[in-house]
Engineer: 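The structure under discussion is supplied below as structure tokens; questions concerning it will follow.
We name chains A, B, ... by the order of the sequence lines, and we start the count at 1 in each one. Keep in mind that the numbers below use all heavy atoms, side chains included, and drop hydrogens, waters and symmetry copies. Being a predicted model, the structure only gives us computed values, none of them experimental.
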There are 2 protein chains.
Amino acid sequence: MPARREQLNRDRVLAAAVALADAEGADAVSMRGLAQRLGVVPMALYKHVANKDELLDGMIDAVVLEIEAPVDGLDWRSAVRRRILSARTVLLRHPWARRAMESKTTPTPIVLAYMDSTIGIFLGGGLSVDLTHHVMHALGSRIYGFTQELYDTTPAIEIPPEVAQFMAMQFPNIVAVVTSSPHDPGSVVGPGCDDQFEFEFTLDLFLDGVERLHHKGWHS
Amino acid sequence: MPARREQLNRDRVLAAAVALADAEGADAVSMRGLAQRLGVVPMALYKHVANKDELLDGMIDAVVLEIEAPVDGLDWRSAVRRRILSARTVLLRHPWARRAMESKTTPTPIVLAYMDSTIGIFLGGGLSVDLTHHVMHALGSRIYGFTQELYDTTPAIEIPPEVAQFMAMQFPNIVAVVTSSPHDPGSVVGPGCDDQFEFEFTLDLFLDGVERLHHKGWHS
DNA sequence: CTTGACAGGTGTACAGCGTACACCTACTGT
DNA sequence: ACAGTAGGTGTACGCTGTACACCTGTCAAG
């Protein structure tokens with residue numbers, strides 16, 4: 001009997017899937033690819049996850065669980081800000097998670113628990129249920145630490161000069177805005193200009209607005 | 001010679017693809033499915049679009065072209081608001097377009113032109129280049145008329161009472177917030193609570209903040 | 001009038017995907 | 001000792017996008 005390799009289990013499968021996605025991107029996580037990585041035949045995985053969708057759920061759960069728990073003793077605004085920025089640092093470690101979360105339509109209990117505790121910060125801070133409701137919608141994916149930057153306006157490859165000139169002709173406003181201030185590649189989640197500064201800028205713009213509504217006694 | 005069916009061309013292919021997606025959802029738009037719809041063999045499509053990715057680009061372009069052009073004679077805030085709400089009504093007609101746009105990483109010239117003219121509204125209204133830059137990031141997908149509602153918190157199926165009780169135990173805050181005010185199913189783009197009221201609420205929260213920054217002479 | 005290029009539709013084929021289903025094997029509780 | 005079961009295997013199916021060779025009708029040039 002050969003030295004038996006360690007038995008698979010759900011957590012090992014999920015951990016391997018996350019590691020594979022971290023290392024080679026989400027596309028590398030196919031049932032076949034993941035199985036190979038684990039030295040196992042594809043169908044073996046189905047003994048531990050129901051299907052690929054559930055595998056993705058598990059991967060997302062693993063990421064969400066890395067987000068720091070709410071900190072006691074802070075005002076609601078600081079607590080929310082801190083938690084969201086914690087979510088962001090987690091997503092910087094797992095850039096694939098952004099698209100994975102976007103592509104899902106139903107939350108897992110773990111994601112629900114994350115949302116619930118985040119909502120709890122607002123309600124605990126005295127915000128009305130209605131205002132909290134709207135704020136959660138307004139935040140959208142931002143509570144998970146990323147914004148939806150649809151397109152990458154700062155391409156990695158340098159653009160040839162004739163293209164640059166063409167762009168300046170066709171899209172003068174884009175060029176004016178994009179060339180005004182560069183982004184920090186180290187702080188972006190996935191493609192796009194979703195860097196740390198922009199993220200915090202918008203987050204604070206939001207929280208300012210919410211705080212103002214709250215102080216005005218906004219109710220519905 | 002049988003009555004020859006009308007020849008294919010790029011526009012007919014794109015129009016059929018959009019119609020198919022409208023009618024049966026984005027998943028129905030496979031090269032084989034679309035070809036069948038056009039009474040043609042799958043490979044015939046490749047004489048008119050380079051590959052499936054370009055097909056999707058073309059479909060998105062078709063949708064973006066439906067968005068109303070900027071209206072002259074309005075202040076920047078009204079002009080932006082109007083344009084974004086126009087984008088939203090377009091996306092209500094083509095709910096599949098939301099995910100399609102999310103899944104792309106590179107904009108087409110037509111999408112760039114849309115962005116350019118939208119940026120032009122801000123710059124033309126006197127906003128600084130820097131502020132405009134941040135605002136475009138902050139708006140994110142909102143300039144295309146949808147928000148990123150990751151999860152559908154108002155499921156279509158009614159939930160059994162024991163599940164409801166379990167939810168109330170596990171996620172009291174979510175339940176409190178979700179049950180507070182219902183959403184209008186007719187005004188949502190895709191799954192989630194992205195309804196018209198929430199959309200405008202957040203849009204105005206944004207525009208308020210931007211206007212305030214602008215009046216403060218915000219520059220960098 | 002012929003000829004040759006070419007645009008556009010066809011047919012076959014392949015690699016990759018998720019996964020259903022039958023099987024086999026080793027361990028466990030009675 | 002025996003039955004049950006958890007977990008890994010092998011084969012196979014239908015689906016996807018698409019490469020490549022082919023054929024056919026139209027049209028312009030010699």
Side-chain angles (χ1 to χ4, degrees), chain A residues 1-21 23-61 96 99-106 108, chain B residues 1-21 23-61 96 99-106 108:
Chain A
M1 190 187 310
R4 189 110 183 76
R5 81 171 159 296
E6 196 159 359
Q7 246 200 195
L8 244 46
N9 60 47
R10 190 163 200 275
D11 284 342
R12 272 180 35 92
V13 169
L14 294 181
V18 168
L20 182 55
E24 301 181 31
D27 286 350
V29 184
S30 66
M31 298 306 271
R32 286 170 165 87
L34 177 57
Q36 188 173 21
R37 186 83 155 207
L38 286 163
V40 113
V41 94
M43 287 310 292
L45 302 176
Y46 287 86
K47 293 279 155 68
H48 305 284
V49 294
N51 49 45
K52 172 138 191 200
D53 223 58
E54 208 205 76
L55 174 70
L56 282 176
D57 276 340
M59 294 169 67
I60 292 171
D61 282 350
W96 52 269
R99 294 230 159 218
M101 296 176 82
E102 285 175 354
S103 73
K104 300 226 60 82
T105 60
T106 309
T108 64
Chain B
M1 189 188 309
R4 189 112 184 74
R5 83 172 159 295
E6 197 159 357
Q7 247 201 196
L8 245 47
N9 60 48
R10 190 163 201 276
D11 284 342
R12 271 178 38 93
V13 168
L14 294 182
V18 169
L20 182 54
E24 300 181 32
D27 286 351
V29 183
S30 65
M31 298 306 270
R32 286 171 165 84
L34 177 58
Q36 187 172 24
R37 186 83 155 208
L38 286 162
V40 114
V41 94
M43 288 310 293
L45 302 176
Y46 287 86
K47 292 281 154 70
H48 305 284
V49 294
N51 48 46
K52 173 138 191 201
D53 222 58
E54 207 206 77
L55 174 71
L56 282 177
D57 275 339
M59 293 169 68
I60 291 170
D61 282 351
W96 51 270
R99 295 232 154 211
M101 296 176 82
E102 284 175 354
S103 73
K104 300 226 60 83
T105 60
T106 310
T108 63

Engineer: Any heavy-atom pair between the side chains of A:E102 and B:S103 that's under 4.5 Å?
Structural biologist: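 The answer is no, as the side chains (C-beta and beyond) never meet within the 4.5 Å cut-off.
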
Engineer: Roughly how many Å is it from CD in A:Q7 to P in C:dT25, rounded to a whole number?
Structural biologist: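 Taking CD of A:Q7 and P of C:dT25, I get 17 Å after rounding.
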
Engineer: Which nucleotide wins on minimum distance to the side chain of A:S30, given the candidates C:dG9, C:dG18, D:dG17?
Structural biologist: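 Closest of the options to the side chain of A:S30: C:dG18.
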
Engineer: Under the 3.5 Å rule, do the base of C:dG16 and the side chain of A:R32 count as making a donor-acceptor pair?
Structural biologist: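 No such pair is found, so the answer is no.
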
Engineer: Considering only D:dG8, D:dT18, C:dT19, which nucleotide approaches the side chain of B:P42 most closely?
Structural biologist: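 In terms of side-chain proximity for B:P42, the closest of D:dG8, D:dT18, C:dT19 is D:dT18.
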
Engineer: Can you give me the closest heavy-atom contact between B:M31 and B:L45, atom names plus distance?
Structural biologist: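 So the minimum-distance heavy-atom pair works out to O-CD1, 3.3 Å.
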
Engineer: Tell me the closest heavy-atom pair linking A:L55 and A:A17, and the distance in Å.
Structural biologist: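 So the minimum-distance heavy-atom pair works out to CD1-CB, 4.0 Å.
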
Engineer: Taking the side chain as everything from C-beta on, heavy atoms only, tell me whether B:W96 gets closer than 4.5 Å to B:V18.
Structural biologist: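 Heavy-atom side-chain distance check passes, below 4.5 Å.
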
Engineer: Below 4.0 angstrom, which residues in residues 44-61 of chain A have at least one non-hydrogen atom near DNA chain D?
Structural biologist: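 Correct list: A:A44, A:K47, A:H48.
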
Engineer: Between A:M43 and B:V29, which has a closest nucleotide on DNA chain D that is more 5'?
Structural biologist: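 With A:M43 and B:V29 compared, the 5'-side residue is A:M43.
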
Engineer: Distance check needed: D:dT16 C1' versus B:M31 CE, whole Å only.
Structural biologist: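 Atom CE in B:M31 sits about 11 Å away from atom C1' in D:dT16.
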
Engineer: For the residue pair A:D57 and A:T108, confirm or rule out a side-chain donor-acceptor distance under 3.5 Å.
Structural biologist: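 There is no such pair between these side chains.
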
Engineer: To the nearest Å, give me how far apart CG (A:D27) and P (D:dT16) are.
Structural biologist: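 One finds 19 Å between P of D:dT16 and CG of A:D27, rounded.
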
Engineer: I need the minimum non-hydrogen distance between B:R10 and B:E54, along with the two atoms involved.
Structural biologist: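 Answer, listing the atom of B:R10 first, then B:E54: NH2-OE1, 2.9 Å.
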
